[in-house]
> 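Below is a structure I'd like to ask you about.
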Amino acid sequence: MTYIIRSNFQNHPFHLVSPSPWPIYTSISLFTLTVNAALSMHLFNNNYVYTYIALASVIISMTLWFRDIISEGTYLGNHTMAVQKGLNLGVHLFIISEALFFLAIFWAYFHSALTPVVELGAQWPPMGIQPVDPFELPLLNTVILLSSGATITYAHHSLIKGDRKGAIFGAIFTIKLALIFTCFQGIEYNVSSFTISDGVFGTCFFFGTGFHGFHVIIGTAFLAVGCFRCLVYQLTNHHHQGFESGILYWHFVDIVWLFLYASMYYWGS
């Protein structure tokens, strides 16, 4: 009789993930959210209720998914240096895809702004549109967002040097600045003299700045999770891939805002 002994040890540094239900749950939730959000915009009856349910489902499924990933990296030791390099590459590719997404928005904006058609009054901004003054609230928001980029950089370098208190202080200050930015963006929308339905100018303006605001909210949650993990001693000076990814994402948000401010606020007005 021959016995085959199977070893649990692997001869490579990569992490082979266990079967997980969260990717398919998240995909279904995102699909449901997209469909119901589109139907709600077309005023289908009570579809906004399903939109909120789908949004809650997305948040719950992604939270449980990220919980498992944090457990794999923090407690199980599955995130080796090779795995961290792969995760870092994935984050870079994700940010590149986001940059191309905003490139499409800028393309649509400049396509109409550089050659305004007769329907727009052959001028930009179109007739009847009073653009937002770039030297009021938008300028203040620019200073706030750039300041948050400096504070999160301070947090990152503090963590690398082993200064845990400095990292926590920088992250908390960044989160506060991000919340202030989001509140000011909401105030700007409320006092704006035009809406998203006011022609191509309103559509491009609110689509670009609105999606940027959505990215700010995601980045704020990203950094808040990293700050919490630092508080509970889950991050070290050589093992903080999730926090570093959030910081990289936040710098991307800063850069996009500079382009938005220069084109849609300053040049576009």
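What you see is a predicted model; the values in this text were computed from it and never measured. Quick note: residue numbers are just sequence positions, from 1.
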> Starting at OG1 of Thr151, measure out to CD1 of Ile175 and round the result to the nearest 0.5 Å.
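So the OG1 of Thr151 and the CD1 of Ile175 are separated by 9.5 Å.
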
> State the CZ-CE distance between Phe106 and Met264, to the nearest 0.5 angstrom.
5.5 Å

> Does any N or O in the side chain of Thr220 come within less than 3.5 Å of the main-chain N or O of Ala178, such that one atom is a donor and the other an acceptor?
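Not confirmed, Thr220 side chain does not pair with Ala178 backbone.
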
> So, Thr203 side chain and Ile196 main chain: donor-acceptor pair closer than 3.5 Å or not?
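Present.
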
> Is the Trp124 ring parallel, tilted or perpendicular to the Tyr109 ring (thresholds 30°, 60°)?
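Ring orientation of Trp124 relative to Tyr109: perpendicular.
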
> Mind checking whether Thr182 and Ile217 have side chains closer than 4.5 Å, heavy atoms only?
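Yes, at least one pair of side-chain atoms sits under 4.5 Å.
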
> For Val132 versus Pro138, what's the shortest heavy-atom pair and its separation?
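Scanning both residues, the minimum pair turns out to be CG1-CG, 3.7 Å.
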
> For Ala37 versus Thr51, what's the shortest heavy-atom pair and its separation?
N-OG1, 3.5 Å

> With clusters defined by side-chain heavy atoms of hydrophobic residues (ILVMFWY) lying less than 4.5 Å apart, directly or transitively, does Val256 cluster with Leu137?
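Yes, Leu137 and Val256 fall within the same hydrophobic cluster.
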
> Roughly how far, to the nearest 0.5 Å, is CG of Leu179 from CD1 of Ile144?
11.0 Å

> Please confirm whether the backbone N or O of Gly186 pairs with a side-chain atom of Asn190, one donor and one acceptor, at under 3.5 Å?
yes

> Using a distance-only test with no angle check, is there a side-chain donor-acceptor pair under 3.5 angstrom linking Trp65 and Ser20?
no

> Check whether any side-chain heavy atom of His239 lies under 4.5 Å from a side-chain heavy atom of His79, and answer yes or no.
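Yes, side chains in contact.
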
> Look at the side chain of Ser97 and the backbone N and O of Phe94, then say whether any donor-acceptor pair between them is shorter than 3.5 Å.
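Yes; at least one donor-acceptor contact below 3.5 Å.
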
> What heavy-atom pair brings Asn237 and Gly162 nearest, and what distance separates the two atoms?
CB-N, 4.3 Å

> I want to check a possible cation-pi pair here: Arg164 against Tyr233, using under 6.0 Å from ring centre and within 45° of the ring axis as the test.
yes

> Taking C-beta and beyond as the side chain, do Leu258 and Asp254 meet within less than 4.5 Å on heavy atoms?
no

> Does any N or O in the side chain of Arg229 come within less than 3.5 Å of the main-chain N or O of His240, such that one atom is a donor and the other an acceptor?
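The answer is no, because no donor-acceptor pair under 3.5 Å joins these two groups.
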
> Under 4.5 Å between side-chain heavy atoms, counting indirect links through other Ile/Leu/Val/Met/Phe/Trp/Tyr residues: same cluster for Ile187 and Phe214 or not?
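Per the 4.5 Å side-chain linkage, Ile187 and Phe214 are co-clustered.
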
> Identify the heavy atoms of Ser158 and Gly166 that sit nearest to each other, and give their distance.
CB-C, 3.7 Å

> Can you find a side-chain donor-acceptor pair between Trp257 and Thr142 that sits under 3.5 Å?
yes

> Tell me the closest heavy-atom pair linking Ser61 and Ser29, and the distance in Å.
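Closest approach of Ser61 to Ser29, heavy atoms only: OG-OG, 4.2 Å.
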
> Once rounded to the nearest 0.5 Å, what's the spacing between atom CZ of Phe44 and atom CG of Leu39?
5.5 Å

> Please say whether more than 12 non-hydrogen atoms of neighbouring residues, nucleotides or ligands are located less than 6.0 Å from CZ in Phe228.
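Counting neighbours around CZ of Phe228, 12 or fewer heavy atoms of other residues, nucleotides or ligands fall under 6.0 Å, so no.
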
> Would Leu87 and Glu244 satisfy side chain to side chain contact (heavy atoms under 4.5 Å, CB included), going step by step from the backbone distance to the final call?
CA-CA 11 Å; Leu87 293 173; Glu244 192 172 43; over 6 Å; no

> Going through the distances and angles, do Phe211 and Phe207 end up as a ring-ring contact (aromatic ring centres under 6.0 Å, His included)?
CA-CA 6 Å; Phe211 260 94; Phe207 189 64; 4.7 Å; yes

> Are Leu30 and Ile218 joined in one hydrophobic group, where the rule is that I, L, V, M, F, W and Y side chains link up if heavy atoms are under 4.5 Å apart?
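No.
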
> I'd like to check Trp250 versus Leu145 (side-chain heavy atoms, cut-off strictly below 4.5 Å). Are they in contact?
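Of all side-chain heavy-atom pairs linking Leu145 with Trp250, at least one is under 4.5 Å.
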
> CG of Asn36 to CG of Leu55: how many Å apart, nearest 0.5 Å?
11.5 Å

> Can you tell if the side chain of Phe181 reaches within under 4.5 Å of the side chain of Ser148, non-hydrogen atoms only?
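Not in contact.
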
> Is there a donor-acceptor pair under 3.5 Å between the side chain of Asp198 and the backbone N or O of Thr195?
yes

> Rounded to the nearest 0.5 Å, how far apart are CZ of Phe205 and OG of Ser192?
6.0 Å

> Are Tyr25 and Val17 connected into the same hydrophobic cluster when the rule is that any two of I, L, V, M, F, W, Y join if their side-chain heavy atoms are below 4.5 Å apart?
no

> Regarding Thr209 and Tyr189, is there a side-chain donor-to-acceptor distance under 3.5 Å anywhere?
yes

> Verify, without hydrogens or angle tests, whether Ser245 (side chain) and Gln241 (backbone) share a donor-acceptor contact under 3.5 angstrom.
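Yes, because the side chain of Ser245 sits within donor-acceptor range (under 3.5 Å) of the backbone of Gln241.
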
> Determine, using ring centers only, whether Phe194 and Phe201 are less than 6.0 Å apart.
yes

> Using the side chain to side chain contact (heavy atoms under 4.5 Å, CB included) rule, take Ile172 and Cys227 through it: C-alpha gap first, then chi angles, then the decisive distance, then the call.
CA-CA 7 Å; Ile172 291 176; Cys227 181; 3.6 Å; yes

> Checking side chain to side chain contact (heavy atoms under 4.5 Å, CB included) between Asn141 and each of Phe184, Tyr261, Tyr265, which is the one that passes?
Phe184

> I'd like to know if the side chain of Thr174 and the backbone of Ile152 have a donor-acceptor N/O pair within less than 3.5 Å.
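Flag set: sc Thr174 to bb Ile152 pair under 3.5 Å.
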
> Hey, is the main chain of Ile53 close enough, under 3.5 Å, to the side chain of Ser57 for a donor-acceptor pair?
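No.
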
> Of Ile60, Thr63, Asp68, Ile69, which is the lone residue that meets side chain to side chain contact (heavy atoms under 4.5 Å, CB included) with Trp22?
Asp68

> Taking the side chain as every heavy atom from C-beta outward, state whether Gln185 and Val216 have any pair of such atoms under 4.5 Å apart.
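No - every pair of side-chain heavy atoms lies 4.5 Å or more apart.
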
> Check whether more than 12 heavy atoms from other residues, nucleotides or ligands sit under 6.0 Å from atom CZ of Phe110, and answer yes or no.
yes

> Check whether any side-chain heavy atom of His215 lies under 4.5 Å from a side-chain heavy atom of Phe102, and answer yes or no.
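Touching, per the 4.5 Å side-chain cut-off.
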
> Without swapping roles, check the side chain of His156 against the backbone of Ile247 for a donor-acceptor pair under 3.5 Å.
no

> Counting neighbours of CZ on Phe169 that are heavy atoms of other residues, nucleotides or ligands and sit closer than 6.0 Å, is the number greater than 12?
no

> Students often mix this up, so state it plainly: with edges at 30° and 60°, are the rings of Tyr249 and Phe252 parallel, tilted or perpendicular?
tilted

> With a 4.5 Å cut-off on side-chain heavy-atom distances among I, L, V, M, F, W and Y, is there a chain of contacts connecting Val200 to Val117?
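They do share one cluster, since a chain of ILVMFWY contacts under 4.5 Å joins Val200 to Val117.
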
> Can you find a heavy atom in the side chain of Val91 that is under 4.5 Å from one in the side chain of Leu248?
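A side-chain contact under 4.5 Å exists here.
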
> Which heavy atom of Leu235 sits nearest to which heavy atom of Gly226, and what is that distance?
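Minimum heavy-atom contact is CD1-O, 3.5 Å.
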
